[in-house]
Each structure stands twice: as C-alpha cells, then as structure tokens.
S.K.: 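Below is the structure I would like to discuss, written out as structure tokens.
Any value given below was found using the heavy atoms of this structure, including those in side chains, with hydrogens, waters and symmetry copies removed. Just so we're on the same page: letters track the sequence lines, and every chain starts at 1. Worth saying up front: this structure is predicted, and the values here are computed from it rather than measured.
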2 protein chains.
Amino acid sequence: MTADDLVFKALADATRRFLLDLLFVRDGRTLTELESELEMTRFGVMKHLRVLEAAGLVVARRSGREKLHFLNPVPIRLIHDRWVDKYTERRVSALADLKNQLEEMS
Amino acid sequence: MTADDLVFKALADATRRFLLDLLFVRDGRTLTELESELEMTRFGVMKHLRVLEAAGLVVARRSGREKLHFLNPVPIRLIHDRWVDKYTERRVSALADLKNQLEEMS
DNA sequence: AGAATAGGTGACTCAATAGTCACATGTCAA
DNA sequence: TTGACATGTGACTATTGAGTCACCTATTCT
C-alpha cells in the first residue's frame, strides 16, 4: 500500500470526508465529540479515524485519557498538484469558483 | 450516490489514477491506446474509464468509431478548495512543494 | 460485400471494506 | 479505591468493487 493509496482510499468514504469537514470547522476534537455528530457507533468512528491518521490527513495527540484530532491539509494539496498544471491553475481555479457560486445560488 | 462520492470513489483506484496521469501528459487518447499502457484487459480499462467519466474527471468525445478521452481538472480543484483554507493556502502550498522536492531528491 | 478494427454489455468470481459487538486497558475524580 | 469515563482490539457479517469472459454493435478500408 503506497502513501497515495492510503490518502485516496481514506477519502473514498463519505463518513471520513464528513469527519474532515468537522475538523476543518474546528480542530482538536476528541473521538467522543466526533462520534456525537454521527449516527454511527463509536467503533465505526474510531476505525475511520485510524484510516485518516494512517493517511496523514489527520494528526492526533494524546492528552491524558483523551485523544485530540487535527486536520492536516498537505496531502490534499499534493493531490491537487498532481493533476492541475501550474500554468493552467488560474483558469481552473476560476472555473471551480464559478461552479461553487452556482451551487450556492441554487 | 452524490457527485462527491463519484469523484472520490473514482480516485480511490490506482489504475484510474494512472489513467489520469496518462491523460495529464497527453489528452485525446482512445481506449485502445490507453489499454496498451496497462497490463489489464480492454474490458477492465473500459470499466475504469466509465467510472472516471461518470465522475466528470474525464470527458470523452466520439469521432467515428473512436472515442477520445480528455482530462477535466475542475473536480480536483474542488477537492482542494473543500479542505484547504484560502488564507492558509500559501503556507500549505509551500509545504507541499517542499515535500515534492524532498521526494525527488531521494 | 467482407474482413478488420474500435468500442460496448451482462453475468460471474474473488478480494477488500464498512459497520457492529463482546471484551479489555488506561485515566480521572470523589 | 471505587466507579465513571475515554479509548482500544480482534473477530464476525454483509456489502461493494475489481477484473475477466463470451458475446454483440458500429465504423472503416479494400
């Protein structure tokens, strides 16, 4: 399993993406706090966090009996750089912004 | 299946990422040409291209009996924008560049 | 027309993954 | 020190997805 594979497999699940969304809004949350935002059992959430950690998308730090989770955006940026040409980036970025705006309007 | 899901599931497979890499280098290739770059049978490649098309990562155009495939980078940019804060983007980008350089050196 | 070429469909097998549960360890606070 | 809390492990089930194959359609070229 390559580093790439870990990242993309981690992002392939909607629950894990939602966890990243939660951490994007606010970092440093515990497993229990994250679990309370989901329908899933604690074990399911824990498994997902393990996958995200292994991929480097989430970094965790223990504090007493708690484990705090932080979002690491670097792997996401690397995905971007793999297929978005530096020279055409401005144009693509403009298109992406437009798409976002259209969706916000509807 | 949401639009998100289609994109991330499409990216979860190493063969499909390799197809994107091929199209990133040069666009407008046919199924047969792409197949020749892979160990897989034509059917396998075709399935993967269907998935990439459904996700909007690849756009195809028929020309006679051939089907030409093109890379569409917009969904990739949207992934980036989802978790990389506009304000911290410069810093993250610098880190990503550093990581790329380190890997090229080793 | 007939052969070769490019692409397409539906069913099948095998492997990987999501989610749950019983059970277990370490930490805090009264 | 006892009970409550936060996290962790291994096994299990059900679902999903990758890859192949037999068979099929459409286009080009002689």
S.K.: Which residue pairs pass the salt bridge (Lys or Arg N to Asp or Glu O under 4.0 Å) test when at least one of the two sits in residues 4-14 of chain A, sequence neighbours left out?
M.R.: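 Matches after skipping sequence neighbours: A:Asp4-A:Arg82, A:Asp5-A:Lys9, A:Asp5-B:Arg17.
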S.K.: Please report, rounded to the nearest Å, how far the C1' atom of C:dA29 is from the CD atom of A:Glu66.
M.R.: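 Between C1' of C:dA29 and CD of A:Glu66: 14 Å.
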S.K.: How many Å lie between CG on A:Leu52 and C1' on C:dA18, as a whole number?
M.R.: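 Taking CG of A:Leu52 and C1' of C:dA18, I get 14 Å after rounding.
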S.K.: Does any residue of residues 20-36 of chain B have a heavy atom under 4.0 Å from DNA chain D, and if so, which ones, in number order?
M.R.: none
S.K.: Strictly distance-based, threshold 3.5 Å: is any side-chain N or O of A:Arg62 a donor or acceptor partner for the main-chain N or O of A:Lys67?
M.R.: no
S.K.: From CZ of A:Arg50 over to P of C:dG19, roughly how many Å is that when rounded to an integer?
M.R.: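 Rounding to the nearest Å, CZ of A:Arg50 and P of C:dG19 are 16 Å apart.
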S.K.: Using a strict 4.0 Å threshold on nitrogen-to-oxygen distance, state whether B:Lys99 and B:Glu103 make a salt bridge.
M.R.: yes
S.K.: Looking only at non-hydrogen atoms, find the nearest pair between B:Ile76 and A:Trp83 and report the distance.
M.R.: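 What the structure gives for the nearest pair is CD1-CE3, 3.6 Å.
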S.K.: Let me confirm one number: the CG-CG distance from B:Asp27 to B:Leu22, rounded to the nearest 0.5 Å.
M.R.: 11.0 Å
S.K.: Between the side chains of A:Arg61 and A:Glu66, is the shortest nitrogen-to-carboxylate-oxygen separation below 4.0 Å, so that they form an ion pair?
M.R.: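 No, no charged N to carboxylate O under 4.0 Å.
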S.K.: Is it true that the side chains of A:His69 and A:Arg29 contain a donor and an acceptor less than 3.5 Å apart?
M.R.: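 Per modelled atom types, A:His69 and A:Arg29 side chains form no pair under 3.5 Å.
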S.K.: In whole angstrom, give the distance that lies between atom CG of A:Leu68 and atom C1' of D:dA6.
M.R.: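 Spelled out: CG on A:Leu68 to C1' on D:dA6 is 11 Å.
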S.K.: For B:Asp5 and D:dT15, give me the distance from atom CG to atom P, rounded to whole Å.
M.R.: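 So the CG-P distance, B:Asp5 to D:dT15, works out to 18 Å.
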S.K.: If the condition is side-chain contact (heavy atoms from CB on, under 4.5 Å), which residues does B:Arg90 pass it with, not counting sequence neighbours?
M.R.: none
S.K.: Can you give one letter per nucleotide of nucleotides 18-30 of chain D, going 5' to 3': B for a protein heavy atom under 4.0 Å from the base, S for sugar-phosphate only, - for none?
M.R.: SBBBBB---BS--
S.K.: Grab the two heavy atoms, one from B:Pro73 and one from A:Val92, that are nearest each other, plus how far apart they are.
M.R.: CG-CG2, 3.6 Å
S.K.: Could you check how far CE of B:Met46 sits from C1' of C:dG10, rounded to whole Å?
M.R.: 11 Å
S.K.: Return the set of residues passing side-chain contact (heavy atoms from CB on, under 4.5 Å) with A:Asp81 (not counting sequence neighbours), or none when no residue passes.
M.R.: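 In terms of side-chain contact (heavy atoms from CB on, under 4.5 Å), with neighbours along the sequence ignored, A:Asp81 is linked to A:Arg77, A:Lys86, B:Ala96, B:Asp97, B:Asn100.
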S.K.: List the steps and the verdict of side chain to side chain contact (heavy atoms under 4.5 Å, CB included) for B:Leu19 and B:His48.
M.R.: CA-CA 9 Å; B:Leu19 285 170; B:His48 285 306; 3.8 Å; yes
S.K.: Note the angle between the end axes of the helix from C:dA1-D:dT30 to C:dA30-D:dT1, five pairs defining each, rounded to 10 degrees.
M.R.: 30°
